[in-house]
2 protein chains.
Amino acid sequence: MEKYYSKIKNSPLFCGITDAELEKMLKCFGGYVKKYEDGDMIIRQGEIISKIYLILDGEVNVEKETYWGRRIIIQKLYANNNIGLALVASKNIEANINAVCVGHALILILNYEKCSRMCQNACMHHGVLISNLFKIISKENIELIEKIENISQKTIRDKLLTYLSNESQKHKSNIFEIPFNRQDLADYLNIDRSAMSFELSKLKSEGYINYKKNKFVLKIEV
Amino acid sequence: MEKYYSKIKNSPLFCGITDAELEKMLKCFGGYVKKYEDGDMIIRQGEIISKIYLILDGEVNVEKETYWGRRIIIQKLYANNNIGLALVASKNIEANINAVCVGHALILILNYEKCSRMCQNACMHHGVLISNLFKIISKENIELIEKIENISQKTIRDKLLTYLSNESQKHKSNIFEIPFNRQDLADYLNIDRSAMSFELSKLKSEGYINYKKNKFVLKIEV
DNA sequence: ACATTTCTGTTGTAATTACAACATTAAGGA
DNA sequence: TCCTTAATGTTGTAATTACAACAGAAATGT
């Protein structure tokens with residue numbers, strides 16, 4: 001557990017909390033670290049979520065399976081993100097998503113019940129924690145709206161250009177790497193992979209973009 | 001101002017706060033009520049948002065204009081919802097959406113800076129407020145994910161059935177009213193209005209649904 | 001009641017997409 | 001290195017959609 005302290009204390013979840021306090025709080029919240037492997041389900045659709053899952057290392061896809069069996073990738077989460085945070089606040093709500101591990105991942109798991117209630121121990125910093133949670137979930141909210149923007153475009157071309165433009169802005173550079181392989185990007189943008197590949201080639205041949213594997217260059221401003 | 005107290009105190013924003021405290025808090029947060037009319041922009045894309053907008057009465061569309069000039073309706077908000085709440089937590093972030101008034105609306109406006117900082121007055125309930133904000137935005141995130149589910153369906157038919165099924169579940173009844181006219185529903189689901197109308201007729205003639213204006217009956221389980 | 005405007009439904013056509021099937025390239029293991 | 005497998009790119013076709021243009025219904029104002 002101790003070997004993860006440096007990662008944990010750098011998380012926005014514990015922003016504004018000293019090392020000594022952190023140690024106490026982790027005990028108080030029943031915190032422990034769990035390892036996940038590729039394909040492991042961290043959260044399953046239908047479960048009641050009462051814990052906070054903080055990604056210390058690795059990648060997690062937030063997915064959903066449609067009634068007709070297609071996969072939707074809703075979000076891609078990395079280190080310092082929380083998984084299913086919105087679900088813990090609304091008690092007794094069933095998870096409407098799956099959280100699937102991509103590669104290896106380390107997750108810090110905390111008991112939210114204990115986080116949200118004040119306790120007699122030195123944990124007078126619950127207030128800071130809740131405030132941090134609010135900031136984290138706000139950021140997630142903005143990203144969800146951005147995702148809605150991406151997939152709300154009319155054509156495959158517009159979806160790609162909007163997505164790449166948003167990624168470019170996030171990286172503050174017109175050269176950047178995307179976190180998806182082609183199939184996952186297609187599932188994220190809700191389009192057919194092969195049609196997407198075709199459109200990417202076309203955009204490249206027309207000089208709008210360039211790419212090699214996951215490394216992209218956006219040559220125009222959208 | 002006083003005449004709105006009953007509406008304000010029933011809002012989830014002030015859940016767990018007594019009447020006497022409420023009055024003090026409203027003063028402390030510089031709270032005031034503003035009236036908006038149909039089409040008024042409450043929040044504009046590009047603005048820096050530093051206030052909390054609580055809908056006391058009326059409807060608000062959260063919209064976005066695409067680079068190519070199409071309108072996307074991201075969310076429909078009602079009384080007791082907050083507008084652009086995620087934006088205030090991330091300071092100095094430009095609003096990525098427009099909030100447009102639909103019909104008449106009453107909005108309570110609070111100074112978030114004052115909400116997020118403790119003060120010397122009787123406002124020891126800032127903690128409760130932040131905790132409420134966390135719950136509110138959590139609910140909003142779950143709804144955004146639901147919206148993503150709706151628009152991620154492959155065909156117009158699947159989008160409609162998923163949307164109607166989700167609405168039906170929300171109303172806990174297979175008979176319900178939807179808050180959109182046809183054009184707005186089309187902009188919400190990112191499909192063409194006329195194509196949507198056509199598909200609705202088809203679903204009706206095939207016996208899957210029934211409707212008259214905004215009143216829908218879902219006859220199958222999706 | 002009438003005229004006007006807005007909203008909704010219908011239809012044909014051109015454009016776009018999904019899908020399947022296959023080609024090519026990259027990656028990983030023996 | 002070669003072999004195997006996975007990822008990506010390419011192409012043709014059938015299905016789906018957007019769009020425009022219009023018809024009918026409902027709402028609104030006078």
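Small disclaimer: the values here were computed from a predicted structure and weren't measured. Throughout, a chain's letter reflects where its sequence line sits, starting with A, and its residues are numbered from 1.
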- Do B:F29 and B:Y112 have ring centroids that are under 6.0 Å from one another? no

- Message: Would you say the ring centers of A:Y211 and A:F216 fall short of 6.0 Å from each other?
- Response: yes

- Look at the side chain of B:T155 and decide which nucleotide, out of C:dT8, D:dC19, D:dT16, has an atom nearest to it. D:dT16

- Look at all strands and tell whether A:L200 reaches a base, only sugar-phosphate, or nothing, counting heavy atoms closer than 4.0 Å. nothing

- A:D158 CG - D:dA18 P separation (whole Å): 13 Å

- Item | Criterion side chain to side chain donor-acceptor pair (under 3.5 Å) on B:N181 and B:N214, from CA distance to verdict | CA-CA 7 Å; B:N181 63 27; B:N214 293 10; over 6 Å; no

- Return the value, rounded to whole Å, for the distance between atom CZ of A:R157 and atom C1' of C:dA18. 18 Å

- Task: Rounded off to whole Å, could you give me the CZ-to-P distance for the B:R70 and D:dT17 pair?
- Result: 14 Å

- Could you state the CZ-P distance from B:F198 to D:dA21, rounded to the nearest angstrom? 20 Å

- Item | Rounded interatomic separation in angstrom, taking NZ from B:K215 and P from C:dC7 | 21 Å

- B:D192 CG - C:dT17 P separation (whole Å): 14 Å

- Message: Side chain of A:S197 only, heavy atoms from C-beta on: which candidate in D:dG9, C:dT10, C:dA18 is closest?
- Response: D:dG9

- Tell me: CZ of B:F216 to C1' of C:dT8, nearest whole Å? 11 Å

- Query: Does A:K215 make a cation-pi contact with A:F176 (under 6.0 Å, within 45 degrees of the axis)?
  - Reply: no

- Candidates C:dG9, C:dT8, D:dG9 - which lies nearest the side chain of B:S201: C:dG9

- Okay, side chain of A:R182, backbone of A:K213: is any donor-acceptor separation there less than 3.5 Å? yes

- Message: Using whole Å, what does the distance between atom P of nucleotide D:dT11 and atom CE of A:M196 come to?
- Response: 17 Å

- Query: If you find the nucleotide of DNA chain C closest to B:D184 and the one closest to A:K212, which residue's nucleotide is nearer the 5' end?
  - Reply: B:D184

- Message: Of the listed nucleotides (C:dT8, C:dA20, C:dA18), which one gets closest to any side-chain atom of B:N214?
- Response: C:dT8

- Select one nucleotide: of C:dT8, C:dA18, D:dA18, the one nearest the side-chain heavy atoms of A:I156. C:dA18

- When you check the phosphate oxygens OP1 and OP2 of C:dC7, does a side-chain N or O of B:K213 lie under 4.0 Å from one of them? no

- Are B:K154 and C:dC19 close enough that a side-chain N or O sits under 4.0 Å from OP1 or OP2? yes

- Query: Would one find a side-chain N or O of B:R193 under 4.0 angstrom from OP1 or OP2 of C:dT8?
  - Reply: no

